[in-house]
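To start, the structure itself, in structure tokens.
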Amino acid sequence: MMLKNMLLATVFVGAATAAQAQTKEVEMVHWWTSGGEAAALNVLKENLQKQGFTWKDNPIAGGGGTQAMTVLRARVTSGNIPTAVQMLGFDIQDWGEQGVLADLTPLATKEGWDKVVPQALQKFSKYQGKWIAAPVNVHSTNWIWANKAVMDKIGAKPPTTWEELIAVLDKAKAAGVTPLAHGGQAWQDATIFDSVVLTTGGADFYKKSMIDLDPQTLSSDTMKTVFDRMAKLRTYVDPNFSGRDWNLASAMVIKGDAALQIMGDWAKGEFVSAGKKPDTDFLCFRFPGTQGNVTFNSDQFVMFKVGTERQQAQNALASATMDPAFQSAFNVVKGSAPARTDVSDAAFDACGKKAIADLKAANEKGTLMGSMAHGHANRAAVKNAMYDVISRHFNGQLPTDQAVKELATAVRSAS
Ligand code: GAL
């Protein structure tokens, strides 16, 4: 209630000075701090600067965005409201529920967003039928990025099954190359977990456990196999993996210090910004056994209710975000697919074209599922409860049987 009054006060103050010049500043809170992420954001900055808007950058380091959401809560509570924020999935719904987000429906209606944004995304971009976010892209998490030269050296082809993946990792180990480049952070452990759940039990099992939170499925023997496989993957990381940022793990694969990384397609942005080419320098393929299924997450720009003098900047940002040319240019650099379904894949490389085709096919087949690790399967409380169990298990603090029990309990108490 207090928050709402403070914002209303801001609106009234804003309204009283409506005559004040519309500020032409866009302040963005986001967590795009890696080379590839920053290069993609530059596309948006330049677009807005061409329209006379100044860009005030507010990057909060920390892949996955947990730190950025903490900073945002503190800023909103203190009434220091940014123009816009990068946000994911159920976090958008949480803020929507509080009635503090700007209504983008007039702009969305004028620009026809309803016709070009897939329902799977609109589920998060809208609250009670109103547009409260502008979707920038569609990332997916069930990918592997491999160094081509290392794969050739160890005589490995892209694996298509779990067993083949383990054989590739064993070959890398035997050749003295770090098999799995990984950063020991809960969101990164959880990103791998998305794929291991999917390859072990299939789409229905993923839906039942990660989305429906079915207690039997969460504590099933199949989930035991999932945790056993996570423990197996742990045996292929290097001793210095703990706490490493995701893009530094990508750099290990780029340099050939490691064979492969299991990560969302934002990793491709790192290969691209290092001047690397698909099928020449690196290979991209779906996590073995998840072909035909996609676990997705979409970055969206959310705007809070602010004084009228800042609405022009918000609308300009939302409109620039949904511009088809921008949706192509940004996502070619970022590694993701456009949020709009009417954007050609002509400018995308082989991995980008595959991402776009896989998303379309999975959307049609009903196997396009929200990523648990990136807040598109459940609310933050449930996601964080899962993070905790997955990460303690991955770090050897929890044996598998206990992890399975604790997962079901933690989810029950968080939902
Ligand atoms: C995800 C976000 C991606 C990427 C990644 C690593 O949550 O959706 O755009 O930036 O974090 O930071």
Side-chain angles (χ1 to χ4, degrees), residues 28-44 57-72 84-92 94 120-121 124-125 133-143 145 181-195 243-251 253 261-273 284 294-302 321 326-327 330-339 351-352 355 359 369-380 383-384 386-387:
M28 172 72 74
V29 169
H30 63 90
W31 61 93
W32 286 332
T33 54
S34 78
E37 293 170 329
L41 200 53
N42 276 340
V43 178
L44 182 58
D57 208 34
N58 201 326
I60 313 292
T66 306
Q67 292 84 344
M69 290 302 104
T70 307
V71 168
L72 175 68
V85 185
Q86 172 195 3
M87 210 181 280
L88 299 175
F90 281 99
D91 290 345
I92 301 171
D94 284 347
L121 264 62
F124 299 108
S125 314
V136 184
N137 61 10
V138 191
H139 270 300
S140 49
T141 64
N142 56 320
W143 286 99
W145 311 90
H182 184 60
Q185 296 170 344
W187 75 271
Q188 295 189 56
D189 304 337
T191 301
I192 294 183
F193 196 80
D194 271 358
S195 288
R244 178 187 289 130
D245 283 335
W246 69 273
N247 50 312
L248 300 180
S250 305
V253 179
Q261 180 186 25
I262 303 166
M263 187 47 74
D265 45 14
W266 43 89
K268 198 198 74 179
E270 300 307 297
F271 288 86
V272 169
S273 74
C284 61
V294 173
T295 43
F296 82 94
N297 71 302
S298 167
D299 292 295
Q300 311 214 22
F301 290 146
V302 160
T321 300
F326 166 77
Q327 287 261 330
F330 173 89
N331 288 301
V332 160
V333 179
K334 182 73 170 68
S336 33
C351 300
L359 281 163
M369 296 158 288
S371 158
M372 172 280 290
H374 294 270
H376 283 66
N378 268 288
R379 307 247 165 184
K383 179 190 80 177
N384 295 331
M386 288 188 176
Y387 271 24

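Keep in mind the model is a prediction, meaning the values are calculated, not measured. Both ligands and their constituent atoms are indexed starting at 1 by order of listing. Atoms considered below: every heavy atom in the structure, side chains included; atoms not considered: hydrogens, waters and symmetry mates.
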Below 4.0 angstrom from a heavy atom of Trp246, which ligand 1 atoms are there? Numbered from 1 as shown, please.
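Contacts of ligand 1 toward Trp246, numbered from 1: 6 (C), 12 (O).
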Proximal ligand 1 atoms for His374, defined as those under 4.0 Å from one of its heavy atoms
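Answer, ordered by atom number: 1 (C), 7 (O).
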Quick one: nearest non-hydrogen protein atom to atom 12 (O) of ligand 1, plus distance?
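Looking at atom 12 (O) of ligand 1, the protein heavy atom closest to it is Glu37 OE2, 2.9 Å.
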Checking a contact table here: which protein heavy atom is nearest atom 9 (O) of ligand 1, and how many Å away?
Asp299 OD2, 2.6 Å
Given the rule in the side-chain contact (heavy atoms from CB on, under 4.5 Å) test, do Asn247 and Glu37 qualify, once you have shown the distances and angles that lead to the verdict?
CA-CA 10 Å; Asn247 50 312; Glu37 293 170 329; over 6 Å; no
Full working for side-chain hydrogen bond (donor to acceptor under 3.5 Å, both in side chains) between Asp299 and Gln86
CA-CA 6 Å; Asp299 292 295; Gln86 172 195 3; 2.9 Å; yes
Given Phe124 and Met87, is the side-chain contact (heavy atoms from CB on, under 4.5 Å) satisfied, shown in steps?
CA-CA 10 Å; Phe124 299 108; Met87 210 181 280; over 6 Å; no
Within-cut-off N or O pair, [X] and ligand 1, under 3.5 Å:
{"X": "Lys334", "value": "yes"}
{"X": "Gly64", "value": "yes"}
{"X": "Trp187", "value": "no"}

Does any donor atom in the side chain of Thr191 or Thr141 lie under 3.5 Å from an acceptor atom in the other side chain?
no
Ser336 and Asn331: side chain donor to acceptor below 3.5 Å
yes
Can any side-chain N or O of Ser298 pair as donor or acceptor with the backbone N or O of Asn137 at less than 3.5 Å?
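Yes, the answer is positive, given that a donor and an acceptor are paired below the 3.5 Å cut-off.
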Any side-chain to backbone donor/acceptor pair from Gln261 onto Ala181? Under 3.5 Å, distance only.
no
Candidate with minimal heavy-atom separation from atom 11 (O) of ligand 1, of Trp266, Phe296, Trp31
Trp31
Residue portion contacting ligand 1 (non-hydrogen atoms closer than 4.0 Å) for Leu88:
side chain
